[in-house]
Protein chains: 2
Amino acid sequence: MINFAAVMTEEKQDKKDHIIEVAEKLFSEMGFDGASTRHIAQDANVNMAMLNYYFGGKEGLYLAVFEKRFSASKLQLQSLNNENISSFEKINKCIESYADKMMANSCFQKIIYREMSLSQRSSVTDKIIQMLSENTSEIKKILLDGIANGSFENVDVEMLIATMFGTKSYLINSSQMASFLIGKDTTDPKILNEEVKPRLKDHMKKMFKAYLTKHNEEN
Amino acid sequence: MINFAAVMTEEKQDKKDHIIEVAEKLFSEMGFDGASTRHIAQDANVNMAMLNYYFGGKEGLYLAVFEKRFSASKLQLQSLNNENISSFEKINKCIESYADKMMANSCFQKIIYREMSLSQRSSVTDKIIQMLSENTSEIKKILLDGIANGSFENVDVEMLIATMFGTKSYLINSSQMASFLIGKDTTDPKILNEEVKPRLKDHMKKMFKAYLTKHNEEN
DNA sequence: AATGATTAATCAATCGTTTGATTAATTTTG
DNA sequence: CAAAATTAATCAAACGATTGATTAATCATT
(Lines give C-alpha, C1' and ligand atoms only; values in the text may rest on other atoms or scores of the structure.)
Protein backbone atom coordinates (compact mmCIF):
# COMPACT_ATOMS: atom_id res chain seq x y z
CA MET A 1 0.00 0.00 0.00
CA ILE A 2 3.03 2.20 0.23
CA ASN A 3 3.35 2.67 -3.50
CA PHE A 4 -0.33 3.21 -4.07
CA ALA A 5 0.11 6.80 -5.01
CA ALA A 6 2.95 5.88 -7.31
CA VAL A 7 0.81 3.23 -8.93
CA MET A 8 -1.95 5.72 -9.51
CA THR A 9 0.44 8.21 -10.98
CA GLU A 10 1.74 5.54 -13.25
CA GLU A 11 -1.76 4.66 -14.38
CA LYS A 12 -2.52 8.27 -15.01
CA GLN A 13 0.69 8.60 -16.96
CA ASP A 14 -0.32 5.56 -18.92
CA LYS A 15 -3.60 7.23 -19.72
CA LYS A 16 -1.93 10.43 -20.79
CA ASP A 17 0.56 8.48 -22.82
CA HIS A 18 -2.23 6.55 -24.42
CA ILE A 19 -3.96 9.75 -25.46
CA ILE A 20 -0.68 11.05 -26.84
CA GLU A 21 -0.13 7.88 -28.83
CA VAL A 22 -3.62 7.98 -30.30
CA ALA A 23 -3.23 11.67 -31.06
CA GLU A 24 0.11 11.09 -32.77
CA LYS A 25 -1.40 8.47 -34.99
CA LEU A 26 -4.38 10.60 -35.97
CA PHE A 27 -2.29 13.73 -36.45
CA SER A 28 0.02 11.81 -38.73
CA GLU A 29 -2.85 10.36 -40.72
CA MET A 30 -5.09 13.41 -41.02
CA GLY A 31 -2.96 16.40 -40.13
CA PHE A 32 -3.43 18.81 -37.25
CA ASP A 33 -6.52 20.46 -38.67
CA GLY A 34 -7.94 17.23 -40.02
CA ALA A 35 -7.87 15.40 -36.69
CA SER A 36 -10.67 16.74 -34.52
CA THR A 37 -10.54 16.63 -30.75
CA ARG A 38 -13.73 14.59 -30.77
CA HIS A 39 -12.16 12.01 -33.01
CA ILE A 40 -9.04 11.79 -30.89
CA ALA A 41 -11.04 11.52 -27.67
CA GLN A 42 -13.23 8.83 -29.15
CA ASP A 43 -10.33 6.74 -30.42
CA ALA A 44 -8.60 7.09 -27.08
CA ASN A 45 -11.78 6.17 -25.22
CA VAL A 46 -11.70 9.24 -23.05
CA ASN A 47 -14.05 12.12 -22.53
CA MET A 48 -13.38 15.05 -24.77
CA ALA A 49 -12.87 17.38 -21.84
CA MET A 50 -9.93 15.28 -20.67
CA LEU A 51 -7.84 16.58 -23.53
CA ASN A 52 -8.16 20.08 -22.20
CA TYR A 53 -7.88 18.91 -18.63
CA TYR A 54 -4.60 17.16 -19.27
CA PHE A 55 -3.05 19.18 -22.06
CA GLY A 56 -4.82 22.51 -21.90
CA GLY A 57 -6.19 22.19 -25.39
CA LYS A 58 -5.59 20.76 -28.83
CA GLU A 59 -2.38 22.66 -29.35
CA GLY A 60 -1.14 21.51 -25.97
CA LEU A 61 -1.80 17.93 -26.95
CA TYR A 62 0.07 18.51 -30.18
CA LEU A 63 2.99 19.90 -28.21
CA ALA A 64 2.86 16.91 -25.85
CA VAL A 65 3.37 14.62 -28.83
CA PHE A 66 6.51 16.51 -29.72
CA GLU A 67 7.67 16.72 -26.12
CA LYS A 68 7.49 12.99 -25.74
CA ARG A 69 9.41 12.25 -28.92
CA PHE A 70 12.00 14.92 -28.30
CA SER A 71 12.79 13.73 -24.81
CA ALA A 72 13.04 10.17 -26.07
CA SER A 73 15.29 11.33 -28.86
CA LYS A 74 17.75 13.10 -26.60
CA LEU A 75 18.38 9.95 -24.60
CA GLN A 76 19.92 8.18 -27.54
CA LEU A 77 21.80 11.18 -28.80
CA GLN A 78 25.42 10.28 -29.12
CA SER A 79 28.03 12.01 -31.14
CA LEU A 80 29.97 9.90 -33.58
CA ASN A 81 32.62 12.51 -34.02
CA ASN A 82 34.62 11.48 -31.00
CA GLU A 83 34.87 7.85 -31.94
CA ASN A 84 38.12 6.82 -33.48
CA ILE A 85 36.83 5.29 -36.66
CA SER A 86 37.20 6.12 -40.32
CA SER A 87 35.05 8.70 -42.02
CA PHE A 88 33.38 6.01 -44.08
CA GLU A 89 32.48 4.09 -40.98
CA LYS A 90 31.05 7.23 -39.42
CA ILE A 91 28.87 7.86 -42.42
CA ASN A 92 27.67 4.29 -42.41
CA LYS A 93 26.80 4.51 -38.76
CA CYS A 94 24.92 7.70 -39.46
CA ILE A 95 22.96 6.06 -42.23
CA GLU A 96 22.16 3.14 -39.97
CA SER A 97 21.07 5.11 -36.95
CA TYR A 98 18.97 7.64 -38.81
CA ALA A 99 17.23 4.91 -40.77
CA ASP A 100 16.50 3.05 -37.55
CA LYS A 101 15.31 6.18 -35.84
CA MET A 102 13.02 7.34 -38.62
CA MET A 103 11.51 3.96 -39.35
CA ALA A 104 10.87 3.35 -35.66
CA ASN A 105 8.49 6.29 -35.41
CA SER A 106 7.25 6.85 -38.91
CA CYS A 107 4.05 8.47 -37.64
CA PHE A 108 6.02 11.18 -35.93
CA GLN A 109 8.21 11.64 -38.98
CA LYS A 110 5.13 12.30 -41.06
CA ILE A 111 4.01 14.96 -38.62
CA ILE A 112 7.42 16.57 -38.63
CA TYR A 113 7.85 16.79 -42.36
CA ARG A 114 4.29 17.95 -42.85
CA GLU A 115 4.85 20.68 -40.31
CA MET A 116 8.04 21.69 -42.11
CA SER A 117 6.19 22.00 -45.39
CA LEU A 118 3.66 24.40 -43.91
CA SER A 119 4.68 28.03 -44.09
CA GLN A 120 3.22 28.87 -40.71
CA ARG A 121 5.90 29.29 -38.11
CA SER A 122 4.86 28.20 -34.66
CA SER A 123 6.37 27.22 -31.37
CA VAL A 124 6.55 23.72 -32.78
CA THR A 125 8.43 24.74 -35.88
CA ASP A 126 11.36 26.14 -33.99
CA LYS A 127 11.66 23.02 -31.87
CA ILE A 128 11.66 20.86 -34.96
CA ILE A 129 14.30 22.91 -36.68
CA GLN A 130 16.42 22.87 -33.56
CA MET A 131 16.22 19.09 -33.30
CA LEU A 132 16.76 18.41 -36.97
CA SER A 133 19.55 20.92 -37.20
CA GLU A 134 21.51 18.94 -34.63
CA ASN A 135 21.30 15.88 -36.81
CA THR A 136 22.13 17.91 -39.87
CA SER A 137 25.13 19.52 -38.26
CA GLU A 138 26.42 16.16 -37.12
CA ILE A 139 26.44 14.59 -40.56
CA LYS A 140 27.69 17.81 -42.07
CA LYS A 141 30.70 17.78 -39.81
CA ILE A 142 31.45 14.17 -40.67
CA LEU A 143 31.31 14.92 -44.36
CA LEU A 144 33.45 18.05 -44.11
CA ASP A 145 36.00 16.24 -41.96
CA GLY A 146 36.13 13.40 -44.43
CA ILE A 147 36.74 15.82 -47.26
CA ALA A 148 39.34 17.70 -45.27
CA ASN A 149 41.31 14.61 -44.34
CA GLY A 150 41.20 13.33 -47.89
CA SER A 151 38.90 10.39 -47.31
CA PHE A 152 36.05 11.82 -49.35
CA GLU A 153 35.69 13.32 -52.76
CA ASN A 154 34.97 17.04 -52.65
CA VAL A 155 31.21 16.92 -53.14
CA ASP A 156 28.33 19.31 -52.52
CA VAL A 157 27.80 18.55 -48.86
CA GLU A 158 24.45 20.29 -48.48
CA MET A 159 22.94 18.52 -51.47
CA LEU A 160 24.21 15.19 -50.24
CA ILE A 161 22.53 15.80 -46.90
CA ALA A 162 19.35 16.63 -48.75
CA THR A 163 19.71 13.29 -50.48
CA MET A 164 20.19 11.46 -47.21
CA PHE A 165 17.18 12.90 -45.44
CA GLY A 166 15.16 13.23 -48.62
CA THR A 167 15.42 9.58 -49.56
CA LYS A 168 14.30 8.48 -46.14
CA SER A 169 11.50 10.98 -45.80
CA TYR A 170 10.29 10.10 -49.27
CA LEU A 171 9.88 6.45 -48.35
CA ILE A 172 8.11 7.33 -45.13
CA ASN A 173 6.11 10.42 -45.99
CA SER A 174 5.09 9.68 -49.55
CA SER A 175 3.94 6.31 -48.31
CA GLN A 176 1.29 5.86 -50.95
CA MET A 177 3.78 6.55 -53.72
CA ALA A 178 6.41 4.42 -52.06
CA SER A 179 3.94 1.56 -51.89
CA PHE A 180 3.41 1.83 -55.61
CA LEU A 181 7.15 1.99 -56.18
CA ILE A 182 8.03 -1.00 -54.02
CA GLY A 183 4.94 -2.92 -55.00
CA LYS A 184 3.97 -3.55 -51.40
CA ASP A 185 2.16 -1.70 -48.63
CA THR A 186 4.94 0.30 -47.03
CA THR A 187 2.62 1.54 -44.30
CA ASP A 188 2.74 -1.98 -42.92
CA PRO A 189 5.38 -1.86 -40.15
CA LYS A 190 6.45 -5.39 -40.94
CA ILE A 191 7.25 -4.57 -44.55
CA LEU A 192 8.79 -1.27 -43.55
CA ASN A 193 11.19 -2.87 -41.11
CA GLU A 194 11.95 -6.17 -42.80
CA GLU A 195 12.16 -5.04 -46.38
CA VAL A 196 12.30 -1.29 -46.88
CA LYS A 197 14.71 -0.51 -44.08
CA PRO A 198 17.47 -2.98 -45.03
CA ARG A 199 17.16 -2.05 -48.68
CA LEU A 200 17.35 1.63 -47.79
CA LYS A 201 20.42 1.15 -45.63
CA ASP A 202 22.17 -0.96 -48.21
CA HIS A 203 21.36 1.45 -50.99
CA MET A 204 22.48 4.50 -49.09
CA LYS A 205 25.75 2.97 -47.98
CA LYS A 206 26.67 1.80 -51.44
CA MET A 207 25.68 5.03 -53.09
CA PHE A 208 27.50 7.18 -50.55
CA LYS A 209 30.58 5.04 -50.91
CA ALA A 210 30.54 5.20 -54.68
CA TYR A 211 29.98 8.92 -54.66
CA LEU A 212 32.41 9.82 -51.91
CA THR A 213 35.25 7.52 -52.92
CA LYS A 214 38.06 9.25 -54.76
CA HIS A 215 38.54 7.89 -58.22
CA ASN A 216 41.56 9.97 -59.19
CA GLU A 217 40.07 10.72 -62.56
CA GLU A 218 41.92 13.41 -64.43
CA ASN A 219 39.10 14.61 -66.67
CA MET B 1 -17.80 43.56 -81.04
CA ILE B 2 -17.82 40.15 -82.62
CA ASN B 3 -15.44 38.63 -80.12
CA PHE B 4 -16.94 40.35 -77.15
CA ALA B 5 -18.44 37.19 -75.78
CA ALA B 6 -15.10 35.54 -76.26
CA VAL B 7 -13.44 38.42 -74.48
CA MET B 8 -15.83 38.04 -71.60
CA THR B 9 -15.17 34.35 -71.44
CA GLU B 10 -11.51 35.12 -71.46
CA GLU B 11 -11.92 37.62 -68.65
CA LYS B 12 -13.94 35.11 -66.71
CA GLN B 13 -11.31 32.54 -67.36
CA ASP B 14 -8.70 34.97 -66.12
CA LYS B 15 -10.73 35.45 -62.99
CA LYS B 16 -11.12 31.73 -62.49
CA ASP B 17 -7.43 31.22 -63.11
CA HIS B 18 -6.60 33.95 -60.66
CA ILE B 19 -8.71 32.27 -58.00
CA ILE B 20 -7.02 28.96 -58.75
CA GLU B 21 -3.60 30.52 -58.43
CA VAL B 22 -4.43 32.13 -55.11
CA ALA B 23 -5.98 28.90 -53.88
CA GLU B 24 -2.91 26.91 -54.91
CA LYS B 25 -0.68 29.23 -52.98
CA LEU B 26 -2.79 29.13 -49.83
CA PHE B 27 -3.37 25.39 -50.03
CA SER B 28 0.37 24.86 -50.31
CA GLU B 29 1.09 27.17 -47.40
CA MET B 30 -1.64 26.10 -44.98
CA GLY B 31 -2.97 22.80 -46.24
CA PHE B 32 -6.47 22.00 -47.45
CA ASP B 33 -8.08 22.22 -44.03
CA GLY B 34 -6.00 25.18 -42.94
CA ALA B 35 -6.94 27.37 -45.88
CA SER B 36 -10.49 28.61 -45.37
CA THR B 37 -12.72 29.61 -48.24
CA ARG B 38 -13.06 33.04 -46.72
CA HIS B 39 -9.30 33.50 -46.70
CA ILE B 40 -8.99 32.34 -50.29
CA ALA B 41 -11.80 34.59 -51.43
CA GLN B 42 -10.32 37.56 -49.62
CA ASP B 43 -6.85 37.07 -51.08
CA ALA B 44 -8.33 36.62 -54.52
CA ASN B 45 -10.49 39.73 -54.07
CA VAL B 46 -13.69 37.94 -54.91
CA ASN B 47 -16.87 37.27 -53.04
CA MET B 48 -16.90 34.02 -51.14
CA ALA B 49 -19.94 32.78 -53.00
CA MET B 50 -18.01 32.98 -56.25
CA LEU B 51 -15.95 29.99 -55.23
CA ASN B 52 -19.08 27.87 -55.11
CA TYR B 53 -20.47 29.59 -58.19
CA TYR B 54 -17.39 28.75 -60.23
CA PHE B 55 -16.14 25.54 -58.69
CA GLY B 56 -19.12 24.13 -56.83
CA GLY B 57 -17.35 24.23 -53.50
CA LYS B 58 -14.03 24.04 -51.75
CA GLU B 59 -13.29 20.53 -52.92
CA GLY B 60 -14.13 21.53 -56.47
CA LEU B 61 -11.66 24.40 -56.22
CA TYR B 62 -9.06 21.99 -54.91
CA LEU B 63 -9.72 19.70 -57.86
CA ALA B 64 -9.47 22.64 -60.23
CA VAL B 65 -5.95 23.31 -58.96
CA PHE B 66 -5.00 19.77 -59.84
CA GLU B 67 -6.85 19.83 -63.13
CA LYS B 68 -4.93 22.89 -64.24
CA ARG B 69 -1.54 21.46 -63.33
CA PHE B 70 -2.28 18.05 -64.75
CA SER B 71 -3.37 19.38 -68.10
CA ALA B 72 -0.31 21.62 -68.23
CA SER B 73 1.87 18.68 -67.33
CA LYS B 74 0.58 16.45 -70.11
CA LEU B 75 1.54 18.97 -72.74
CA GLN B 76 5.22 18.68 -71.99
CA LEU B 77 5.11 14.95 -71.50
CA GLN B 78 7.63 13.40 -73.83
CA SER B 79 9.15 10.00 -73.58
CA LEU B 80 12.92 9.84 -73.56
CA ASN B 81 12.94 6.17 -74.30
CA ASN B 82 12.62 6.53 -78.02
CA GLU B 83 15.50 8.93 -78.42
CA ASN B 84 18.69 7.35 -79.61
CA ILE B 85 20.99 8.49 -76.86
CA SER B 86 23.01 6.73 -74.22
CA SER B 87 21.50 5.60 -70.95
CA PHE B 88 23.59 8.14 -69.08
CA GLU B 89 22.33 10.92 -71.27
CA LYS B 90 18.76 9.76 -70.69
CA ILE B 91 19.22 9.82 -66.95
CA ASN B 92 20.76 13.25 -67.11
CA LYS B 93 17.87 14.53 -69.16
CA CYS B 94 15.49 13.03 -66.64
CA ILE B 95 17.26 14.76 -63.79
CA GLU B 96 17.16 18.03 -65.65
CA SER B 97 13.53 17.92 -66.68
CA TYR B 98 12.18 16.78 -63.33
CA ALA B 99 14.20 19.40 -61.49
CA ASP B 100 12.90 22.06 -63.84
CA LYS B 101 9.35 20.81 -63.54
CA MET B 102 9.33 20.59 -59.76
CA MET B 103 11.06 23.88 -59.14
CA ALA B 104 8.75 25.65 -61.58
CA ASN B 105 5.67 24.88 -59.50
CA SER B 106 6.97 24.29 -56.02
CA CYS B 107 3.63 25.28 -54.49
CA PHE B 108 1.89 22.50 -56.32
CA GLN B 109 4.61 20.07 -55.36
CA LYS B 110 4.03 20.86 -51.72
CA ILE B 111 0.34 20.14 -52.12
CA ILE B 112 1.05 16.86 -53.87
CA TYR B 113 3.51 15.50 -51.36
CA ARG B 114 1.37 16.60 -48.44
CA GLU B 115 -1.60 14.85 -49.98
CA MET B 116 0.50 11.73 -50.42
CA SER B 117 1.49 11.76 -46.77
CA LEU B 118 -2.12 11.80 -45.61
CA SER B 119 -3.67 8.40 -45.20
CA GLN B 120 -7.01 9.49 -46.52
CA ARG B 121 -7.60 8.28 -50.03
CA SER B 122 -9.68 10.60 -52.14
CA SER B 123 -10.47 11.30 -55.75
CA VAL B 124 -7.35 13.45 -55.76
CA THR B 125 -5.07 10.77 -54.43
CA ASP B 126 -5.66 8.42 -57.32
CA LYS B 127 -5.01 11.16 -59.85
CA ILE B 128 -1.74 12.03 -58.15
CA ILE B 129 -0.56 8.45 -58.04
CA GLN B 130 -1.49 8.02 -61.67
CA MET B 131 0.50 11.07 -62.69
CA LEU B 132 3.52 10.34 -60.55
CA SER B 133 3.54 6.69 -61.52
CA GLU B 134 4.04 7.72 -65.13
CA ASN B 135 7.17 9.61 -64.19
CA THR B 136 8.30 6.80 -61.96
CA SER B 137 7.80 4.20 -64.65
CA GLU B 138 9.70 6.28 -67.14
CA ILE B 139 12.84 6.59 -65.07
CA LYS B 140 12.51 3.01 -63.93
CA LYS B 141 12.55 1.82 -67.51
CA ILE B 142 15.61 3.90 -68.27
CA LEU B 143 17.45 2.47 -65.28
CA LEU B 144 16.47 -1.11 -66.04
CA ASP B 145 17.43 -0.69 -69.69
CA GLY B 146 20.76 0.75 -68.69
CA ILE B 147 21.44 -2.17 -66.40
CA ALA B 148 20.31 -4.66 -69.03
CA ASN B 149 22.54 -3.23 -71.75
CA GLY B 150 25.50 -3.08 -69.42
CA SER B 151 25.73 0.67 -69.12
CA PHE B 152 24.78 0.77 -65.46
CA GLU B 153 25.88 -1.02 -62.36
CA ASN B 154 23.23 -3.41 -61.04
CA VAL B 155 21.77 -1.21 -58.33
CA ASP B 156 18.54 -1.16 -56.34
CA VAL B 157 16.42 0.67 -58.86
CA GLU B 158 13.48 1.42 -56.57
CA MET B 159 15.69 2.90 -53.87
CA LEU B 160 17.52 5.01 -56.42
CA ILE B 161 14.21 6.39 -57.63
CA ALA B 162 13.33 7.17 -54.04
CA THR B 163 16.60 9.08 -53.87
CA MET B 164 15.84 11.01 -57.01
CA PHE B 165 12.38 12.16 -56.03
CA GLY B 166 13.21 12.29 -52.34
CA THR B 167 16.10 14.68 -52.73
CA LYS B 168 14.03 17.05 -54.81
CA SER B 169 10.95 16.88 -52.64
CA TYR B 170 13.10 17.42 -49.55
CA LEU B 171 14.47 20.66 -50.90
CA ILE B 172 11.03 21.87 -51.90
CA ASN B 173 8.75 20.48 -49.21
CA SER B 174 10.96 20.75 -46.16
CA SER B 175 11.60 24.29 -47.18
CA GLN B 176 12.25 25.57 -43.69
CA MET B 177 14.82 22.87 -43.07
CA ALA B 178 16.33 23.35 -46.49
CA SER B 179 16.70 27.03 -45.78
CA PHE B 180 18.67 26.21 -42.65
CA LEU B 181 20.77 23.72 -44.58
CA ILE B 182 21.59 26.02 -47.47
CA GLY B 183 21.83 29.08 -45.28
CA LYS B 184 19.45 31.04 -47.47
CA ASP B 185 15.71 31.39 -47.86
CA THR B 186 14.87 28.63 -50.29
CA THR B 187 11.25 29.75 -50.49
CA ASP B 188 12.53 32.71 -52.47
CA PRO B 189 12.00 31.76 -56.13
CA LYS B 190 15.13 33.62 -57.12
CA ILE B 191 17.33 31.58 -54.79
CA LEU B 192 15.49 28.42 -55.66
CA ASN B 193 16.07 28.83 -59.38
CA GLU B 194 19.47 30.46 -59.46
CA GLU B 195 21.18 28.56 -56.69
CA VAL B 196 19.33 25.50 -55.48
CA LYS B 197 18.27 24.19 -58.86
CA PRO B 198 21.69 24.19 -60.54
CA ARG B 199 23.32 22.73 -57.44
CA LEU B 200 20.66 20.05 -57.28
CA LYS B 201 21.07 19.15 -60.92
CA ASP B 202 24.83 19.04 -60.70
CA HIS B 203 24.77 16.99 -57.54
CA MET B 204 22.28 14.46 -58.87
CA LYS B 205 24.09 14.00 -62.15
CA LYS B 206 27.46 13.45 -60.50
CA MET B 207 26.11 11.14 -57.85
CA PHE B 208 24.11 9.09 -60.31
CA LYS B 209 27.13 8.80 -62.56
CA ALA B 210 29.40 7.73 -59.74
CA TYR B 211 26.89 5.23 -58.45
CA LEU B 212 25.80 3.80 -61.78
CA THR B 213 29.21 3.61 -63.45
CA LYS B 214 30.73 0.16 -63.46
CA HIS B 215 33.99 0.03 -61.60
CA ASN B 216 34.86 -3.59 -62.29
CA GLU B 217 35.80 -4.17 -58.72
CA GLU B 218 36.26 -7.81 -57.88
CA ASN B 219 35.57 -7.67 -54.16
C1' DA C 1 -36.37 42.60 -70.58
C1' DA C 2 -33.47 38.60 -69.81
C1' DT C 3 -29.49 36.32 -68.79
C1' DG C 4 -25.43 35.78 -66.31
C1' DA C 5 -22.36 37.77 -62.76
C1' DT C 6 -21.81 39.49 -58.13
C1' DT C 7 -23.01 40.72 -53.63
C1' DA C 8 -24.46 40.79 -48.59
C1' DA C 9 -26.87 38.16 -45.51
C1' DT C 10 -27.84 33.89 -43.69
C1' DC C 11 -27.81 28.82 -43.09
C1' DA C 12 -26.86 24.44 -40.63
C1' DA C 13 -22.96 21.93 -39.17
C1' DT C 14 -18.84 21.37 -36.92
C1' DC C 15 -15.05 23.11 -34.56
C1' DG C 16 -12.32 23.61 -29.98
C1' DT C 17 -13.40 24.85 -25.59
C1' DT C 18 -15.84 25.62 -21.22
C1' DT C 19 -19.08 24.78 -17.82
C1' DG C 20 -21.27 22.82 -13.63
C1' DA C 21 -22.11 18.66 -11.53
C1' DT C 22 -20.65 14.09 -10.01
C1' DT C 23 -17.62 10.55 -8.65
C1' DA C 24 -13.24 8.85 -6.95
C1' DA C 25 -9.13 9.47 -4.43
C1' DT C 26 -6.27 11.69 -1.08
C1' DT C 27 -5.38 14.36 2.97
C1' DT C 28 -6.58 16.30 7.24
C1' DT C 29 -8.62 16.22 11.48
C1' DG C 30 -10.45 14.59 15.89
C1' DC D 1 -8.96 4.45 12.83
C1' DA D 2 -12.93 6.95 11.12
C1' DA D 3 -15.19 11.05 9.80
C1' DA D 4 -14.68 15.32 7.50
C1' DA D 5 -12.44 18.20 4.23
C1' DT D 6 -9.97 18.73 0.18
C1' DT D 7 -8.26 17.60 -4.21
C1' DA D 8 -8.25 15.21 -8.57
C1' DA D 9 -10.61 12.91 -12.27
C1' DT D 10 -14.49 12.34 -15.17
C1' DC D 11 -18.67 13.30 -17.44
C1' DA D 12 -22.74 15.13 -20.25
C1' DA D 13 -24.19 19.31 -21.93
C1' DA D 14 -23.74 23.54 -23.86
C1' DC D 15 -20.98 27.49 -25.32
C1' DG D 16 -19.39 30.93 -28.86
C1' DA D 17 -16.84 30.98 -32.94
C1' DT D 18 -15.86 29.46 -37.42
C1' DT D 19 -16.52 26.48 -41.10
C1' DG D 20 -18.37 25.57 -46.01
C1' DA D 21 -22.43 26.40 -48.27
C1' DT D 22 -26.72 28.69 -49.75
C1' DT D 23 -30.09 32.12 -50.39
C1' DA D 24 -32.29 36.13 -52.31
C1' DA D 25 -31.48 40.44 -53.88
C1' DT D 26 -28.74 43.55 -56.87
C1' DC D 27 -25.80 44.74 -60.68
C1' DA D 28 -24.14 44.42 -65.40
C1' DT D 29 -24.44 43.19 -70.07
C1' DT D 30 -26.67 42.19 -74.30
Side-chain angles (χ1 to χ4, degrees), chain A residues 1-20 22-27 29-66 111 115 118 120 122-124, chain B residues 1-20 22-24 26-27 29-66 111 118 120 122-124:
Chain A
M1 198 64 78
I2 303 172
N3 296 4
F4 197 71
V7 171
M8 287 311 298
T9 317
E10 190 180 316
E11 280 180 3
K12 268 189 288 181
Q13 213 60 30
D14 280 357
K15 196 162 198 169
K16 283 186 71 171
D17 271 8
H18 178 239
I19 295 176
I20 292 177
V22 170
E24 182 183 59
K25 180 168 176 288
L26 286 181
F27 282 142
E29 287 176 353
M30 337 183 60
F32 179 80
D33 295 308
S36 72
T37 54
R38 283 171 176 80
H39 193 166
I40 295 172
Q42 188 176 342
D43 276 26
N45 275 316
V46 295
N47 189 279
M48 210 172 37
M50 296 307 293
L51 304 188
N52 299 286
Y53 181 72
Y54 279 136
F55 308 101
K58 189 182 187 181
E59 180 126 346
L61 174 55
Y62 197 56
L63 285 168
V65 172
F66 282 90
I111 296 177
E115 195 71 28
L118 296 174
Q120 334 164 15
S122 66
S123 60
V124 174
Chain B
M1 196 62 80
I2 303 174
N3 297 4
F4 199 69
V7 171
M8 288 308 298
T9 317
E10 189 179 319
E11 281 180 4
K12 270 189 286 180
Q13 212 63 29
D14 280 358
K15 197 163 197 171
K16 284 186 71 173
D17 271 8
H18 178 240
I19 295 176
I20 291 178
V22 171
E24 182 182 61
L26 286 180
F27 281 142
E29 287 176 354
M30 338 183 61
F32 180 80
D33 294 309
S36 72
T37 53
R38 281 172 176 79
H39 193 168
I40 296 172
Q42 187 175 341
D43 276 26
N45 276 315
V46 296
N47 190 279
M48 208 179 47
M50 296 306 291
L51 304 187
N52 300 285
Y53 181 73
Y54 279 137
F55 308 101
K58 188 182 186 180
E59 179 126 347
L61 174 56
Y62 197 55
L63 285 169
V65 172
F66 283 90
I111 296 177
L118 297 174
Q120 333 162 17
S122 65
S123 60
V124 173

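Atoms considered below: every heavy atom in the structure, side chains included; atoms not considered: hydrogens, waters and symmetry mates. A note on names: the letters A, B, ... follow the listed sequences, proteins ahead of strands, and every chain is numbered from 1.
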Query raised in the report: Does anything in residues 59-66 of chain A reach DNA chain C, meaning a heavy atom under 4.0 Å, and if so which residues?
Result: none
Query raised in the report: If every non-hydrogen atom of A64(B) is compared with every non-hydrogen atom of I20(B), which pair is closest and at what distance?
Result: CB-CD1, 3.9 Å
Query raised in the report: Looking at I40(A) and V22(A), what are the two nearest heavy atoms and their distance?
Result: O-CG1, 3.8 Å
Report summary line: Here the distance between atom P of dT18(D) and atom CD1 of I40(B), to the nearest Å, is 17 Å
Query - Between dT17(C) (P) and Y54(A) (OH): distance, integer Å - result: 17 Å
Query raised in the report: Taking only side-chain nitrogens and oxygens of Y53(B), does any of them come within less than 4.0 Å of OP1 or OP2 of dG4(C)?
Result: no
Requested in this report: May I ask you to decide if the ring planes of Y62(A) and F27(A) are parallel, tilted or perpendicular, using 30° and 60° as cut-offs?
Outcome: perpendicular
Query raised in the report: K15(B) side chain: which of dT6(C), dA21(D), dA9(D) is closest?
Result: dT6(C)
Query - Within residues 29-39 of chain B, residues whose heavy atoms come under 4.0 Å of DNA chain D - result: A35(B), S36(B), T37(B), R38(B)
Report task. Report the distance from atom CD1 of I19(B) to atom CG of D43(B), rounding to the nearest 0.5 Å. Result -> 12.0 Å
Query raised in the report: Given atom CG of L51(B) and atom P of dT22(D), what is their separation to the nearest angstrom?
Result: 12 Å
Query raised in the report: For D14(A) and dA9(D), what is the distance between atoms CG and C1' respectively, to the nearest whole Å?
Result: 16 Å
Query raised in the report: Please give, in whole Å, the distance from dT19(D) C1' to N52(B) CG?
Result: 12 Å
Query raised in the report: Does any non-hydrogen side-chain atom of M30(A) lie less than 4.5 Å from one of H39(A)?
Result: yes
Report task. Please state how far atom NZ in K16(A) lies from atom P in dT10(D), giving the value in whole angstrom units. Result -> 12 Å
Report summary line: Whole-Å distance, K58(B) NZ to dA13(C) C1', equals 14 Å
**Report entry** Shortest non-hydrogen separation from N52(A) to M48(A) and the atoms involved
**Finding:** ND2-O, 3.9 Å
Requested in this report: Measure the NZ-CG distance between K15(A) and N45(A) for me, rounded to the nearest 0.5 Å.
Outcome: 9.5 Å
**Report entry** Nearest atoms (heavy-atom pairs only) where E115(A) meets V124(A)
**Finding:** CG-CG1, 4.2 Å
**Report entry** Y53(A) and N47(A), any side-chain heavy atoms less than 4.5 Å apart
**Finding:** no
**Report entry** M50(A) side-chain proximity, nearest of dG20(D), dT18(C), dA9(D)
**Finding:** dA9(D)
Query raised in the report: Closer than 4.0 Å, any side-chain N/O of N47(A) to the OP1 or OP2 of dA9(D)?
Result: no
Requested in this report: Measure the distance from CG on N45(A) to C1' on dA12(D) and round it to the nearest whole Å.
Outcome: 16 Å
